[in-house]
Amino acid sequence: MPELGPRYEHKEIEEDIYRKWEESGYFNPDKLPRSKAKAKPFSIVMPPPNANGSLHMGHAVFATLQDIMTRYWRMKGKQALWLPGADHAGFETQTVFDKKLDKEGRNRFAMEREALWQEIWDFTQTNKKVMEGQLRKLGASCDWSREIFTLDPRIIEGVYSTFEKMYKDGLVYRDYRVVNWCPKHRTALSDLEVKYIERVDPLYYIKYGPLTLATVRPETKFGDTALAVNPKDKRYKKYIGQEIEAEGILGKLKFRVVGDAAIDPKFGTGVVKVTPAHDTTDFEIWKRHEKEIPGPKIIIDESGRLTGEVGEFKGLKVAEARIKVAEKMQEIGILEKVDAEYKHQVATCYRCNSTLEPMPKPQWFVKMEPLAKEAIKAVEAKKIKFYPDNSKKVCLHWLRNIHDWNISRQIIWGIRIPAWFCNPKNEVKRMGFYYKIVPQVLKGKARTYRLNDHHLKVGDVIACEDSQAKTFFGHAKITAVAKKKIKDIVLPDPIHGGGYKTLDELLTAFRRHYPPDRVITGDTETLIYDFQFIPFSKENPSGGCNYIYVGNKAVAKCPNCNGNNLVQDPDVFDTWFSSGQWPYLTLLAQGKNIKHGTRNNKQELGTSKDFENFYPTDVMETGYDILFFWVTRMIMLGLYRTGKVPFKNVYLHGMVRDKDRQKMSKSKGNVVDPLGVAEEYGTDAVRMAITVGNTAGNDIVISEDKIRGYRNFATKLWNIARFVMMQKEKIEGAGVTAPKMNAHDKKAVEQAHKVRLSIGKKIDNFQFHLGAEEAYHYIWHTFADKIIESAKPKLMSEKRTEQESAYLMLLGILEESLMMLHPFMPFVTEHIYQQLPGSAKYSEMLMIKKW
RNA sequence: GCGCGCUUAGCUCAGUUGGUUAGAGCGUCUCGUUUACACCGAGAAGGUCAGGGGUUCGAAUCCCUUAGCGCGCACCA
């Protein structure tokens, strides 16, 4: 056999084989010979790799496992579809690109949105190309004709229609609340993107008048608006409802003390400062006591520096300010003590490890509970099977304790949120009204008292803003301006609304609306503006009514007030909001029969040939690390949009580790590059190393030694084939016409067949490792070591029939072996298969042979 | 705190609903070149399946418990 050398030279053949497979067209289920004959569908939608780098071992794991299933079911005669894609990976790509810009001395915050978008677009398209090549190298038999990118217009259209429907159904809402803010990347993150790390920080005990409280964040004290204690705490009961005076860095402070059950009396001193702008819990405390205490006072800006009324600390970064503020407190004698060894969890950005700054922002949220409820029902009803089984429990636990999901990101790389705000033009002056006042204005309140000078004169038209919700509700035309001491206001004042009967009541109200450290007495001067209120309406459109328009494309005029002030939300969606819809959107995008619902009702999903045929998909195979990010959200959104679960089975693979169980990372230098080792040892060897010993939900250990072991196996198989081919030449050389197998040899072939069926059973049950091992063991230690060895004397026998029978047996078992191994090691098996008698064309093994 | 796991050969891990002498890769030792293969063959050493208790005719496997390790979620300023 001159063409079969003693070693399998993968380098010479892999590329060629893949090209021929691809040219055959059989990766596309529509082109399979059996597809006309009502073959049952089998479908996997590929987790789209992030188009911001090249493939790593984790990708090789999913590529291998999904390819095993696809090839197996295709061989079994199903209409097998493996649908590939690529993910724009919003925030992750943005951070990768930010780093690149940083190296080049550039910065995205100084760039035009369109120019930056174009650069990132080009960057992802380049990466996408590279990854496609790499998936081919790994032997992935996916249908490239259906490949789709997450920013494809067909996908975006679907994402928009989902958002629109959810908005109308009340499942997405805009809210002003404290979000997880990364000061480095200047965007909000979802709760899942927060990584808590344990840190030791000083715990400062600060005197606030008669009380002492403990905090790790003295620098936020400028944003304090109250103090809180547990209502059951006997020590402090008498202070609840009281205003206490305290010495502050910037002068005297006055805070009200509220009782709130969220306070743990056992922690610190049992007294907490309430900083609603920069702490989630405090924001909630304020919400519960908003009648009694002032709301958020922002003193940290978006880049994590102090801002506002913070005196000499203005412009300092939080970490610096903390030390300086503590020093200052020490100086003026309000720092009681410091516990330097305080251990606590700090919220950080999972991408850059920056400490997150909680910050109030208006954002879009998804109301999760109704969606989770349906998902729980479906999972409990076993509409989805989980591998490993216990991940179902993990999934249910998460779904049962779900929180609303912030889907707004303040980056440019992503799908822009299709919401338009009817905003007042910037040149229009605005005046804020506390949200409780708004209905009074609408009902006829026509006077407002202001301590700060707004420089308004009679005849000015201003926009009226709900200062909590940051929404506008109308115009006010100023009709009179006066300046008076508060005590000189005649009470009750019917034009103001008539709510205050005594000076004390009025002063309390003033204090509530201004920072606590502002001293307000009867002698304080106030500006008094009389105005004529004009609500926004279609007849009266000027200015912007803050109506929110949600739709799949821009409209020229505000549907509410007819104004021309619509401005699109600059934010983009969390990537997972779009990838959470991946299974149905990718299938809907395929084929010519695509319908996206009726023209009048964009909310309807429509259908397509692929959607009808392949949805729900058979398997979702991905890593356990994105169970919550992706899998649960696909289930929820899939049920919401299609009424069906998006997949019948979930298989979760583990994380790849090196031989010392260390997580692979560039910084550790222990990364095994799948393409590099595939080049050196052959793709088949890498695939086997990935498959054997890899069980659902458990981490996978991959070392070069292991890969080398399976490279040896490929050579072994190669030599088995070489040996059998040698017999072929001998038999054929002797001019045999119709050789026959004896009963004994037939039995051996049947045995091999049974092994193949047993391996199939294991693939059916998602036990790929067992299947791979069984094939390995049978071929090496049964076929080669025992069957071939015992056949040797027969092959040398003088009896022709015995010789021929032994040859036929070996040929039969070889064929079985190639088939059982093909899903795992497609290249070497295909290559050998082509040498067998009767094999003419490529792709026979791949497509036509039944399992 | 709540939840989910793990502990099997020197190392890294398999072991499906409980069923003969517990397996694989790599490593170690001995021998071996014969119709393919030294990226090989024949053979060997190496495990009280974390400890204890229970159920059972029978337990690595099911139940309880102890110890050690890991992961996820939520948190106290």
Side-chain angles (χ1 to χ4, degrees), chain A residues 1 4-8 191-192 194 196 203-206 213-218 220 224 227-228 262-275 278-282 285 342-345 347 388-398 400-403 624-625 627-628 654-655 657-661 681-682 685 688-689 692-695 697-727 730 761-762 765-767 769-770 772-774 776-777 780-781 784-785 788-789 791-793 795-796 810:
Chain A
M1 284 301 296
L4 293 185
R7 285 186 190 176
Y8 166 57
D191 293 347
L192 284 178
V194 178
Y196 289 91
L203 182 64
Y204 301 90
Y205 286 76
I206 307 169
L213 57 80
T215 181
V216 283
R217 303 205 59 185
T220 63
D224 293 353
L227 297 176
I263 312 305
D264 178 1
K266 290 192 221 59
F267 184 87
T269 60
V271 184
V272 175
K273 67 195 199 64
V274 181
T275 321
H278 299 293
D279 187 286
T280 316
T281 314
D282 292 4
I285 292 175
Y342 176 59
K343 230 193 251 177
H344 66 149
Q345 303 280 100
D389 188 51
N390 72 287
S391 61
K392 175 171 141 183
K393 287 191 211 165
V394 178
C395 179
L396 282 171
H397 183 255
W398 187 79
R400 287 179 180 133
N401 296 287
I402 203 147
H403 299 271
Y624 66 69
D625 55 330
L627 175 61
F628 307 143
M655 303 298 106
R657 295 173 184 273
D658 73 3
K659 63 180 192 304
D660 303 316
R661 273 210 123 272
Y681 298 105
M688 274 304 262
V692 177
N694 175 355
T695 50
N698 289 317
D699 289 350
I700 309 147
V701 176
I702 293 175
S703 62
E704 217 166 310
D705 280 346
K706 192 173 177 186
I707 297 167
R708 200 178 292 124
Y710 292 104
R711 186 269 321 263
N712 295 352
F713 176 55
T715 306
K716 186 75 188 177
L717 179 68
W718 182 256
N719 278 295
I720 290 169
R722 220 155 69 100
F723 180 75
V724 176
M725 290 300 115
M726 272 170 60
Q727 310 311 315
K730 235 172 71 182
K761 198 101 201 139
K762 279 160 188 158
N765 296 332
F766 299 94
Q767 296 169 308
H769 64 293
L770 292 182
E773 238 176 304
E774 188 169 355
Y776 173 92
H777 219 246
W780 197 320
H781 299 300
D785 292 348
I788 289 182
E789 288 308 321
K792 279 178 182 173
L795 290 164
M796 285 188 286
L810 294 185

Would you measure the distance from the [atom1] atom in [N] across to the matching atom in [M] and give it in whole Å?
N: B:rA59; M: B:rA22; atom1: P; value: 14 Å
N: B:rA67; M: B:rC29; atom1: C1'; value: 36 Å
N: B:rG54; M: B:rG15; atom1: C1'; value: 24 Å
N: B:rC62; M: B:rG5; atom1: P; value: 11 Å
N: B:rA42; M: B:rU66; atom1: P; value: 49 Å
N: B:rA14; M: B:rC57; atom1: P; value: 32 Å
N: B:rA24; M: B:rC40; atom1: P; value: 15 Å
N: B:rG53; M: B:rA60; atom1: P; value: 14 Å

Looking at [N], I'd like to know if its phosphate oxygens (OP1 or OP2) sit under 4.0 Å from a side-chain N or O belonging to [X].
X: A:K761; N: B:rU16; result: no
X: A:N719; N: B:rA38; result: no
X: A:S703; N: B:rU12; result: no
X: A:Y776; N: B:rG25; result: yes
X: A:H769; N: B:rA24; result: no
X: A:N694; N: B:rA14; result: no
X: A:R7; N: B:rC39; result: yes

Distance, rounded to the nearest Å, where [X] contributes [atom1] and [N] contributes [atom2]:
X: A:L396; N: B:rG3; atom1: CG; atom2: C1'; answer: 12 Å
X: A:M726; N: B:rU34; atom1: CE; atom2: P; answer: 14 Å
X: A:N390; N: B:rU61; atom1: CG; atom2: P; answer: 18 Å
X: A:W780; N: B:rC26; atom1: CH2; atom2: P; answer: 7 Å
X: A:Y710; N: B:rU12; atom1: OH; atom2: P; answer: 17 Å
X: A:I700; N: B:rU12; atom1: CD1; atom2: P; answer: 17 Å
X: A:F723; N: B:rU34; atom1: CZ; atom2: P; answer: 15 Å
X: A:E704; N: B:rG27; atom1: CD; atom2: P; answer: 13 Å

Whom does [N] pair with, Watson-Crick or G-U wobble, provided both distances fall under 3.5 Å?
N: B:rU61; result: none
N: B:rG41; result: B:rC31
N: B:rU56; result: none
N: B:rG1; result: B:rC73
N: B:rC49; result: none
N: B:rC6; result: B:rG68

[X] [atom1] to [Y] [atom2] distance, which is reported to the nearest 0.5 Å:
X: A:H344; Y: A:L203; atom1: NE2; atom2: CG; result: 8.5 Å
X: A:L795; Y: A:L810; atom1: CG; atom2: CG; result: 6.0 Å
X: A:K706; Y: A:M688; atom1: NZ; atom2: CE; result: 10.0 Å
X: A:N719; Y: A:I788; atom1: CG; atom2: CD1; result: 9.5 Å
X: A:R7; Y: A:N712; atom1: CZ; atom2: CG; result: 9.0 Å

Indicate, with a heavy-atom threshold strictly under 4.0 Å, whether [X] touches base, sugar-phosphate, or nothing.
X: A:D264; value: base
X: A:K716; value: base
X: A:D282; value: nothing
X: A:N698; value: sugar-phosphate
X: A:A784; value: base
X: A:T281; value: sugar-phosphate
X: A:F713; value: nothing
X: A:L203; value: nothing
X: A:E773; value: sugar-phosphate
X: A:Y342; value: sugar-phosphate
X: A:V692; value: nothing
X: A:T715; value: base

Please check if the side chain of [X] supplies one atom and the backbone of [Y] the other of a donor-acceptor pair under 3.5 Å.
X: A:K762; Y: A:E773; answer: no
X: A:D279; Y: A:T281; answer: yes
X: A:D699; Y: A:M655; answer: yes

Test log, rule ring-ring contact (aromatic ring centres under 6.0 Å, His included), inputs A:Y776 and A:Y710: CA-CA 9 Å; A:Y776 173 92; A:Y710 292 104; 5.4 Å; yes
Side chains of A:K792 and A:F723: closer than 4.5 Å at any heavy-atom pair? yes
Any donor-acceptor N/O pair under 3.5 Å between [N] base and [X] side chain:
X: A:K706; N: B:rC26; result: no
X: A:R708; N: B:rC39; result: no
X: A:E789; N: B:rA36; result: yes

Selected nucleotide, minimal atom distance to A:R711 side chain, candidates B:rA14, B:rU12, B:rC39: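 Of B:rA14, B:rU12, B:rC39, B:rC39 is nearest to the side chain of A:R711.
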Could you please name the option among B:rC37, B:rU12, B:rA74 that lies closest to any side-chain atom of A:V701? B:rU12
Closer to the 5' end of RNA chain B via nearest nucleotide, is it A:H397 or A:H777? A:H397
Which is more 5' along RNA chain B, the nucleotide nearest A:L770 or the one nearest A:S391? Just name the residue. A:S391
